[in-house]
Protein chains: 2
Amino acid sequence: MAVGSRRELRRNQTIDEILTIAVDVMAEVGVAGLSLSEVARRLGIRPPSLYKYFPSRLALFDRLFQLGHQQHLNDFRAGAEAAEPGLPALLSALQASGRWAMANQPLAQLLFWRPVPGFEPSAEAFAPSQAMVEDVRRMLGDAVERGQLAPGAATEEGVAVLSVLVTGMLSQQLANAPRESFDQGRFTRLGPQIFAMFRDRYPPTEDPHGDS
Amino acid sequence: MAVGSRRELRRNQTIDEILTIAVDVMAEVGVAGLSLSEVARRLGIRPPSLYKYFPSRLALFDRLFQLGHQQHLNDFRAGAEAAEPGLPALLSALQASGRWAMANQPLAQLLFWRPVPGFEPSAEAFAPSQAMVEDVRRMLGDAVERGQLAPGAATEEGVAVLSVLVTGMLSQQLANAPRESFDQGRFTRLGPQIFAMFRDRYPPTEDPHGDS
DNA sequence: GTCTATAGCCTGATAGAC
DNA sequence: GTCTATCAGGCTATAGAC
């Protein structure tokens with residue numbers, strides 16, 4: 001592999017620069033408006049040189065898709081670590097996820113809305129997304145075990161319902177008031193209420209472990 | 001105005017054709033991929049001729065935006081008429097709204113996600129959307145009056161929460177499984193559960209009118 | 001890995017004849 | 001209202017020199 005060679009290092013730095021610039025461009029002209037020429041222009045090279053790093057425009061999108069999901073997953077997991085296991089961890093993780101989405105809107109649009117004609121993410125780029133779904137499911141299971149939610153929460157349906165609530169909040173905020181902050185947003189600020197609705201849909205039975 | 005002249009009539013027919021074709025094109029190449037040239041090609045005229053009907057590409061999008069919201073509102077209201085006033089009417093209307101979105105995905109994306117770089121809908125094109133929000137609010141008020149929901153439902157918050165639930169369901173379905181039907185969709189089929197969550201968030205007090 | 005050069009397309013939009 | 005002609009520019013992608 002020789003991953004650590006100076007040449008490899010430099011190459012990876014360039015790739016990172018390309019990705020950063022691409023995100024900037026999407027923020028300015030819209031996700032679907034991303035062009036390789038504009039990226040090259042800002043990087044100070046000629047468009048053909050980009051093809052040494054990405055074989056096509058759609059390949060760049062694939063990498064951006066993967067990058068976005070990876071960042072999203074990282075923030076989600078950091079959020080989970082920042083609170084008590086079980087329901088608090090899940091709530092904290094989802095908050096972190098929402099903050100990431102508002103702070104990285106072009107990537108969030110790419111991940112959640114698929115606005116690029118002809119682009120279908122590769123299985124590889126999709127992997128972090130699946131990992132997150134599994135995380136959510138596991139955390140729901142934790143919450144059930146701790147008697148914080150009814151067993152129905154840790155099912156396909158529970159995961160789907162939760163995803164509807166979270167993406168609904170974010171979609172409305174991103175589409176209607178993208179410049180409001182996560183905390184002040186007219187939709188995202190409803191997070192606690194929305195999450196309470198989820199909890200109330202799967203109310204825990206009392207004293208499940210006899211350890212209260 | 002002379003709205004009924006034969007010339008006006010023919011012109012409006014052509015405009016309708018253009019809009020229909022534009023929707024077809026968006027369905028094939030993505031909303032942001034719509035081009036005037038392709039529309040002209042399918043209509044059997046040259047691109048410059050289109051400018052007699054729409055002064056620019058963005059003007060076409062504006063008209064499509066308005067058309068979509070108008071259709072959506074029509075279906076929503078027809079749904080409302082098809083059930084008892086109050087909560088049933090609202091549920092029926094929202095179901096009709098969801099069906100319209102799944103059956104008109106390119107327009108739905110244009111309305112709900114704003115995927116076209118540089119396009120901001122005009123106030124005029126936005127009017128039907130505001131009308132629908134007012135309808136929802138009025139119907140929530142009806143439901144409260146009838147003792148089917150708590151008063152909190154007919155507030156800014158109630159409208160926002162409901163919009164989060166509905167658009168969340170549709171966003172997830174459109175982005176992740178656009179070819180599933182409204183009734184079978186892994187997300188849209190959760191409609192009754194989701195709606196029940198809304199109702200349970202604003203539970204009615206008992207016997208509000210003494211007429212039970 | 002970078003460049004020049006270029007192919008080969010596409011687009012939105014305008015001018016002006018008919 | 002339709003056309004031809006055209007502007008003026010964009011883009012992805014490839015070939016091949018250095």
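Both backbone and side-chain heavy atoms feed into the values below; hydrogens, waters and symmetry mates do not. Chain naming here is simple, since letters A, B, ... match the order of the sequence lines and numbering starts at 1 in each.
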*Nearest of D/dA13, C/dA13, D/dC3 to any side-chain atom of B/Leu36?*
C/dA13
*Which one, D/dC3, C/dG12, D/dT12, comes nearest to the side chain of B/Ser37?*
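Shortest atom-to-atom distance from the side chain points to C/dG12.
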*Where the side chain of A/Tyr51 is concerned, which of D/dA13, D/dC11, C/dA13 is the nearest nucleotide?*
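Within the option list, the nearest is D/dA13.
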*asked:* Please report the distance, rounded to the nearest Å, between CG in B/Leu9 and C1' in D/dG1.
replied: 16 Å
_Less than 4.0 angstrom between a side-chain N/O of B/Arg11 and OP1 or OP2 of D/dG1, yes or no?_
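Answer yes for this pair, as a side-chain N or O of B/Arg11 is under 4.0 Å from OP1 or OP2.
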*Provide, to the nearest angstrom, the distance between the CG atom belonging to B/Leu50 and the P atom belonging to C/dT14.*
13 Å
*If we ignore angles and hydrogens, is there a donor and acceptor under 3.5 Å between the side chains of A/Ser37 and A/Arg41?*
no
_Distance, rounded to the nearest Å, where B/Phe119 contributes CZ and C/dG12 contributes P_ = 16 Å
*A/Glu38 has an atom CD; how far is it from atom P of D/dG9, in whole Å?*
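Computing the A/Glu38:CD to D/dG9:P distance gives 16 Å.
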*Measure from CG on A/Leu43 to C1' on C/dG1 and round the result to the nearest Å.*
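After rounding, the gap between these two atoms is 12 Å.
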*Less than 6.0 Å separating the ring centroids of A/Phe76 and A/His72?*
no
*When you check the phosphate oxygens OP1 and OP2 of D/dT4, does a side-chain N or O of B/Arg46 lie under 4.0 Å from one of them?*
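Yes, such a contact exists.
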*asked:* Can you tell me if B/Ser49 touches the phosphate of D/dG1, counting only side-chain N or O atoms and a distance under 4.0 Å to OP1 or OP2?
replied: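 No.
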*Taking only N and O in the side chain of A/Tyr53, is any of them less than 4.0 Å away from OP1 or OP2 of C/dT2?*
yes
*Indicate, with yes or no, if the rings of A/Tyr202 and A/Phe198 have centres closer together than 6.0 Å.*
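Between A/Phe198 and A/Tyr202, which both carry aromatic rings, the centre distance is below 6.0 Å.
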*In whole angstrom, give the distance that lies between atom CZ of B/Arg57 and atom C1' of C/dC10.*
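Result: 12 Å.
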_Cationic N near anionic O, under 4.0 Å, A/Arg42 to A/Glu38_ = yes
*What nucleotide among D/dC3, C/dG1, D/dT14 has an atom nearest to a side-chain atom of B/Ile45?*
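Nearest nucleotide to the side chain: D/dC3.
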*For A/Thr14, answer base if it contacts any base atom (sugar-phosphate contacts may also be present), sugar-phosphate if it contacts only those atoms, and nothing otherwise; contact means non-hydrogen atoms under 4.0 Å.*
nothing
_So, OP1 or OP2 of C/dT2: does either fall under 4.0 Å of a side-chain N or O from A/Arg10?_
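The answer is no; no side-chain N or O of A/Arg10 sits under 4.0 Å from OP1 or OP2.
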*For B/Pro47, report the nucleic acid contact type (base, sugar-phosphate, nothing); a contact means any heavy atom under 4.0 Å.*
nothing
*Expressed in angstrom and rounded to an integer, what is the separation of A/Ile18 atom CD1 from C/dG1 atom C1'?*
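To the nearest whole Å, that distance equals 11 Å.
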*Looking at B/Arg77 and B/Asp135, does any basic side-chain N land under 4.0 Å from a carboxylate oxygen?*
yes
*Between D/dT4, C/dG1, C/dC3, spot the one nearest the side chain of A/Lys52, thanks.*
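Closest nucleotide among those given: C/dG1.
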